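Right, one structure below, let's go through it.
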Amino acid sequence: MPRRGPGRNRPGAARPGFRPGFRPGFRPGFRPVFGLVFCVTFFCSAPPCVAAQATAFPEGIFSSVHESRETGDLGGLELRLFRSDERLMAEVVLCEGWCNVSHIVPVRLVDGRYRLRFVEHYEGSGGGDDLITEVELLPAGNAFRARLSSPGQAEASSWDDAFRLRPLKHPYGLAVAHRGGEPGTP
């Protein structure tokens, strides 16, 4: 039986010649510096496609379109994000009372946010007018927050008032705009 006593066979007891933090055969400072130099060299020399893959373009349908129980009106924003000839594109419909016309427009990535704009033509008693709408999309998990604005507007609507666009498997607002008929179940 080993002898028990001060400094012998106890966990954490000091061993002769042991220095905390020292490992034999290791030159302090070499490995951390080498690892840091390797990581900086690797990430700085990575091709641009690696950076592009980090912000993958989420393809699919995203919508906030809903039907009012009282009036039957449709309201909200719906868009379908897709690629066409390696360009980021969106088919978008803004529903205000009804989902009338969809627009296919290019999408730009600016500062981690997707931006697009479309023009709608309105006819009224005073004649026709074009309204330009700009949409800014902020990724939020598997969904988006969408903020609308118009050129010349002092400031865009706040993110507190933003649409929450959830992913859908089938179009709702876009389907109404395409067929001009009755809405189905979202």
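It should be emphasised that the depicted structure is a prediction, and the values quoted were computed from it without experimental measurement.
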### Query
Got a second to check how far Arg83's CZ is from Met89's CE, nearest 0.5 Å?
12.0 Å
### Query
Out of curiosity, Leu116 CG to Ile104 CD1, how far, rounded to the nearest 0.5 Å?
12.5 Å
### Summary
side-chain hydrogen bond (donor to acceptor under 3.5 Å, both in side chains) filter on Arg166, not counting sequence neighbours, yields none
### Message
Could you walk me through whether Leu165 and Leu137 satisfy the side-chain contact (heavy atoms from CB on, under 4.5 Å) test, starting with their C-alpha distance in whole Å, then the side-chain angles of each, then the deciding distance to 0.1 Å, before giving a yes or no?
### Response
CA-CA 9 Å; Leu165 305 179; Leu137 300 171; 3.8 Å; yes
### Task
Could you walk me through whether Arg164 and Ser64 pass the side-chain contact (heavy atoms from CB on, under 4.5 Å) test, one step at a time?
CA-CA 6 Å; Arg164 173 130 172 103; Ser64 69; 5.8 Å; no
### Task
Evaluate side-chain contact (heavy atoms from CB on, under 4.5 Å) for Ile61 paired with Leu79, printing each intermediate quantity in order.
CA-CA 6 Å; Ile61 300 170; Leu79 48 91; over 6 Å; no
### Summary
Rounded to the nearest 0.5 angstrom, the SG-OH distance for Cys95 and Tyr172 is 8.5 Å
### Query
In the single-linkage hydrophobic clustering (I, L, V, M, F, W, Y; side-chain heavy atoms under 4.5 Å), do Phe82 and Leu88 co-cluster?
no
### Non-neighbouring partners of Phe118 that pass ring-ring contact (aromatic ring centres under 6.0 Å, His included), sequence neighbours left out
His103
### Query
Is any side-chain heavy atom of Val65 closer than 4.5 Å to a side-chain heavy atom of Cys99?
yes
### Message
A side-chain contact here means heavy atoms from C-beta on lying under 4.5 Å apart; do Leu138 and Phe144 qualify?
### Response
no
### From CG (Leu77) to CZ (Phe163), nearest 0.5 Å
6.0 Å
### Fellow cluster residues of Val93, listed by chain then number, with links counted only when side-chain atoms sit under 4.5 Å apart
Leu174
### Query
Got a sec, which pairs hit salt bridge (charged side-chain N to carboxylate O under 4.0 Å, His left out) with one end in residues 84-101, sequence neighbours left out?
Arg80-Glu91
#### Entry: Listed partners of Ser68 passing side-chain hydrogen bond (donor to acceptor under 3.5 Å, both in side chains), at least two apart
Glu70, Thr71
### Query
When you look at Leu131 and Ser150, which way does the side-chain contact (heavy atoms from CB on, under 4.5 Å) test go after all the steps?
CA-CA 8 Å; Leu131 177 66; Ser150 295; 4.1 Å; yes
### Task
Can you see which heavy atom on Gly112 is nearest to which on Pro139, and at what distance?
O-CD, 3.7 Å
## Note on the structure
In short, Arg145 meets Ala140 closest at the heavy-atom pair CG-CB, 4.1 Å
### His66 side, atom NE2; Asp73 side, atom CG - distance, nearest 0.5 Å
9.5 Å
### Query
Which one of Arg113, Arg108, Arg117 satisfies the salt bridge (Lys or Arg N to Asp or Glu O under 4.0 Å) criterion with Glu136?
Arg113
### Task
Mind checking the CZ-CG spacing from Phe62 to Leu81? Nearest 0.5 Å is all I need.
5.5 Å
### Note, His178 side chain near Ser102 side chain (heavy atom, < 4.5 Å)
yes
### Message
Side chains of Leu109 and Arg115, heavy atoms from C-beta outward: is any pair under 4.5 Å?
### Response
no
### Query
Quick one: do Val135 and Tyr114 end up in the same hydrophobic cluster if we chain Ile, Leu, Val, Met, Phe, Trp and Tyr together by side-chain heavy atoms under 4.5 Å apart?
yes
#### Entry: Test side-chain hydrogen bond (donor to acceptor under 3.5 Å, both in side chains) applied to Asp130 - qualifying residues, sequence neighbours left out
His121
